[in-house]
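Because the structure is a prediction, the values reported are computed rather than measured.
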Amino acid sequence: MIDIKILRETPELIKESCRRRGDAADIDAIIELDKEYRELVQQVEAMRADRNRLSKECRDNPEAREQVKDLKEQLSQQEARLQELETQVHDKLSWLPNLLHPAVPDGNDDTSNIEIRKEGVIPEFSFKVKDHQELGELLDIIDTQRGAKVAQSGFYYWKGKGAQLCNAMFFWAQMELTKRGFTSFMTPCAAKSQTLYGTGYLPFFADQTYPIANEDLCLIGTSEQTLVGYHADEILEADKLPLSYCAFSPCFRTESGSYGKASRGIFRVHQFHKVEQIIFCLPEESEKYHKFCLENEEYLLQQLGIPYHVVDVCVGDMGAPGYRKYDVEAWFAGFGAYREVTSNTNLTDFQSRRLGIRYKDKDGNRGYVHTISATAVTDRVAIAILENFQQEDGSVIIPEVLRPFTGFDKIEAPEQVK
RNA sequence: GGAGAGGUGGCUGAGUGGCUGAAAGCACAGGUUUGCUAAACCUGCGUAGGGGAAACUCUACCGGGGGUUCGAAUCCCCCCCUCUCCGCCA
């Protein structure tokens, strides 16, 4: 949610952000509505003051009662109009995207993202590489057929050593994050619409969510929703900040409108799994912690031995709630390209304002905290492991850091292939 | 699923029609006392919005919504949530 004061005092900031994002919101119309609202508020409050004053006289002066009755009738009409205006302004404000960091690149889609750095050595193979779908079938560790049979196309099974690999990776990532000061969570996998609204998923990504029939609940699209919502309507002690939380959860997304986009294998699916990093911090520190989360993402990939590059995400590829975003794209030998595995967004006060998450310092100063939302690892990282560490016979070498958790160092190819 | 209890400020908790934006305690902030810590005592202390240079003042808020009334935390209706007990169950 944009601070309405910015709208009143420096609307050009918001216009500029909307212009760069290609958002056609009519800012002047909102300002007009707000102006009308504020004028009416003054009127209504003056009338209420009169009403209250007269009411106090009523006990001793029965004549005042008639006056108050008249006044109340006028007042209720104005109050109805006021309510209407308030709702309109609020609805329009809900749709406004966040401001933009000045350095965010222009552009309409991911082709305009700017590579910041490249790490790791891209593996070379002396044989024809397989993609994860092929490997998954060959090794009997990914089953999309039965995922579709049991649930729907877009759902899948990890099986055997594939499942063990994922469990190991997700557990390891959480251990690494707790070493870096994160508190681990397991969260609800459903959240009410208010929580989704507060985190900015509604109204912007309404078509991406799975609602639960007959309930005011949706399956979570990410544990960001439940972790950020955790502190809704709370005032946090400034000297306890930052709060760093991580969680493992399934993530459910309808992916409506993205059919055909790199749909082979399990790269884009209706349910994936993720370890998430969330930080609540003071506004002046959000850039620092935004970078901190990026360091964590990179550290994890480095430890796994996966080559990647970091991109500065352009306006067109960034969601409305984002102020600045870095994506990490890992190398996928099967695709022969870098593809997104993690993303890291500084949401500034966009979520905290909607959710009412504030801080208070020793001097009694209050404000809205900033939130950072960043991926740590997802199934896609496991896919990158399969594709990058495959051997000629289709077997896959497990990264060393995961071996204490998998209990094996290789996913063997079946006998007939050898 | 059945039965009961309850939702008041950062927390605990009074409060059944106007003097209650809300007692008291805790916590917190400032001060006095003190060799240090502790304790004691005094003072202050809800949130949001509007007006004002300020003092101050106005409006709203006691789970949410509606109603009765000149006036509601308090009375009525609907909804939501939490807790306890019973049943069922991972």
Side-chain angles (χ1 to χ4, degrees), chain A residues 1-9 30-94 150 186-198 202 211-219 226 229-241 243 248-250 280 282-283 349-369:
Chain A
M1 180 78 82
I2 289 289
D3 185 352
I4 196 158
K5 283 185 190 146
I6 298 176
L7 191 81
R8 290 168 184 166
E9 289 160 17
I30 306 176
I31 292 172
E32 270 310 303
L33 269 179
D34 176 55
K35 198 175 153 204
E36 193 184 336
Y37 166 77
R38 288 203 289 167
E39 283 166 6
L40 194 56
V41 162
Q42 299 210 5
Q43 268 187 48
V44 165
E45 291 195 349
M47 288 171 83
R48 284 174 178 162
D50 284 346
R51 179 201 60 192
N52 293 346
R53 188 174 40 74
L54 279 171
S55 281
K56 283 180 185 151
E57 293 174 14
C58 283
R59 198 157 39 160
D60 311 311
N61 176 15
E63 284 172 26
R65 292 186 191 181
E66 293 311 311
Q67 292 179 38
V68 178
K69 280 187 180 174
D70 289 346
L71 187 57
K72 272 178 58 180
E73 221 163 291
Q74 298 171 37
L75 181 57
S76 68
Q77 286 176 21
Q78 299 288 59
E79 281 178 330
R81 173 66 183 149
L82 186 67
Q83 176 96 55
E84 212 176 286
L85 282 170
E86 191 178 5
T87 306
Q88 282 180 28
V89 171
H90 182 268
D91 287 353
K92 293 201 185 300
L93 222 50
S94 295
V150 171
M186 289 188 69
T187 84
C189 292
K192 60 175 71 174
S193 53
Q194 185 59 39
T195 304
L196 268 58
Y197 167 81
L202 294 178
I212 295 174
N214 304 319
E215 299 278 356
D216 176 31
L217 285 174
C218 292
L219 295 177
T226 44
Y230 185 77
H231 283 303
D233 300 317
E234 292 183 23
I235 298 174
L236 309 174
E237 303 276 351
D239 57 10
K240 301 243 173 73
L241 298 176
L243 295 174
F248 168 76
S249 83
F280 300 86
L282 293 172
D349 59 0
F350 193 85
Q351 296 179 322
S352 60
R353 194 176 291 282
R354 288 172 170 239
L355 285 167
I357 308 177
R358 292 176 295 168
Y359 66 87
K360 184 169 134 186
D361 66 22
K362 283 262 184 279
D363 302 322
N365 297 316
R366 280 160 214 276
Y368 289 99
V369 301

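Considering only residues two or more places apart in sequence or on other chains, Thr226(A) meets the side-chain hydrogen bond (donor to acceptor under 3.5 Å, both in side chains) condition with Thr187(A). Residues satisfying the salt bridge (Lys or Arg N to Asp or Glu O under 4.0 Å) test with Glu32(A), not counting sequence neighbours, are none. Remark: Tyr359(A) pairs with no residue by the ring-ring contact (aromatic ring centres under 6.0 Å, His included) rule, at least two apart or across chains.
For the pair Met47(A) and Leu71(A), the tightest heavy-atom approach, listed with the atom from each and the gap, is O-CD2, 3.8 Å. When all heavy atoms of Gly229(A) and Thr195(A) are compared, the closest pair comes out as CA-CG2, 4.3 Å.
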request  = Report, as a single string ordered 5' to 3', how protein heavy atoms within less than 4.0 Å touch nucleotides 46-58 of chain B: B base, S sugar-phosphate only, - not at all.
outcome  = -SSBS-------S

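Taking the P atoms as reference points, rU74(B) lies 12 Å from rG7(B), given to the whole Å. Comparing the C1' positions of rA73(B) and rA23(B) gives an interatomic distance of 14 Å, to the nearest angstrom. Nucleotides rU34(B) and rG21(B) have their P atoms positioned 43 Å apart, rounded to a whole Å. Nucleotides rC70(B) and rU16(B), compared at atom P, are 23 Å apart to the nearest Å. Between rC42(B) and rA24(B), the distance separating the two P atoms is 13 Å to the nearest Å. Rounded to the nearest Å, the gap between the P atom of rG44(B) and that of rA22(B) is 14 Å. One C1' atom belongs to rA72(B), the other to rU20(B), and the distance between them is 12 Å to the nearest Å. When the P atom is used for both rU82(B) and rG66(B), the distance is 23 Å, rounded to whole Å.
Remark: rC89(B) base-pairs with no nucleotide in the shown strands. Criterion, Watson-Crick or G-U wobble with two distances under 3.5 Å. The nucleotide rC62(B) finds no pairing partner, because no Watson-Crick or G-U wobble arrangement with both distances shorter than 3.5 Å includes it. Within the shown strands, rC70(B) is the pairing partner of rG18(B) under the Watson-Crick or G-U definition, both distances less than 3.5 Å. A 3.5 Å limit on both hydrogen-bonding distances identifies rC28(B) as the Watson-Crick or G-U partner of rG44(B). Base pairing of rG35(B) is not made with any nucleotide, judged by Watson-Crick or G-U wobble geometry with both donor-acceptor distances under 3.5 Å. Across every strand in view, rU84(B) sits in a pair with rA3(B) that passes the Watson-Crick or G-U test at under 3.5 angstrom. Searching all strands for a Watson-Crick or G-U wobble partner of rA23(B) with both distances below 3.5 Å returns nothing.
In this structure, CG of Asp216(A) is placed 13 Å from C1' of rC81(B), rounded to the nearest angstrom. Rounded to an integer number of Å, the gap from Gln194(A) CD to rC81(B) C1' is 15 Å. Rounding to whole angstrom units, CD of residue Glu57(A) and C1' of rC19(B) are separated by 16 Å. Put simply, OH on Tyr359(A) is 18 Å from C1' on rG10(B), counting in whole angstrom units. The distance between atom OH of Tyr37(A) and atom C1' of rU59(B), rounded to the nearest whole Å, is 11 Å.
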Measure all distances between protein nitrogen or oxygen atoms and nitrogen or oxygen atoms of nucleotides 67-71 of chain B, and list the pairs falling under 3.5 Å.
{"residue": "rC70(B)", "atom": "O2'", "partner": "Ser55(A)", "partner atom": "OG", "Å": "2.9"}
{"residue": "rC70(B)", "atom": "O2", "partner": "Ser55(A)", "partner atom": "O", "Å": "3.3"}
{"residue": "rG71(B)", "atom": "OP1", "partner": "Lys72(A)", "partner atom": "NZ", "Å": "2.6"}
{"residue": "rG71(B)", "atom": "OP2", "partner": "Lys72(A)", "partner atom": "NZ", "Å": "3.4"}

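Taking 4.5 Å as the limit, some side-chain heavy atom of Leu93(A) sits within range of a side-chain heavy atom of Met1(A). Side chains of Asp349(A) and Pro283(A) form no contact here, defined as non-hydrogen atoms less than 4.5 Å apart. Counting only heavy atoms from C-beta outward, the side chains of His231(A) and Ser352(A) never approach each other to under 4.5 Å. Residues Glu36(A) and Arg81(A) have side chains in contact (heavy-atom distance under 4.5 Å, counting atoms from C-beta outward). Using a 4.5 Å heavy-atom threshold, the side chains of Lys69(A) and Glu73(A) count as separate.
Between Lys192(A) and Asp50(A), the residue anchored nearer the 5' end of RNA chain B, judged by the nucleotide with its closest heavy atom, is Asp50(A).
Each salt bridge (Lys or Arg N to Asp or Glu O under 4.0 Å) pair with one or both residues in residues 39-50 of chain A, not counting sequence neighbours, appears once here: Arg48(A)-Glu79(A), Asp50(A)-Arg53(A).
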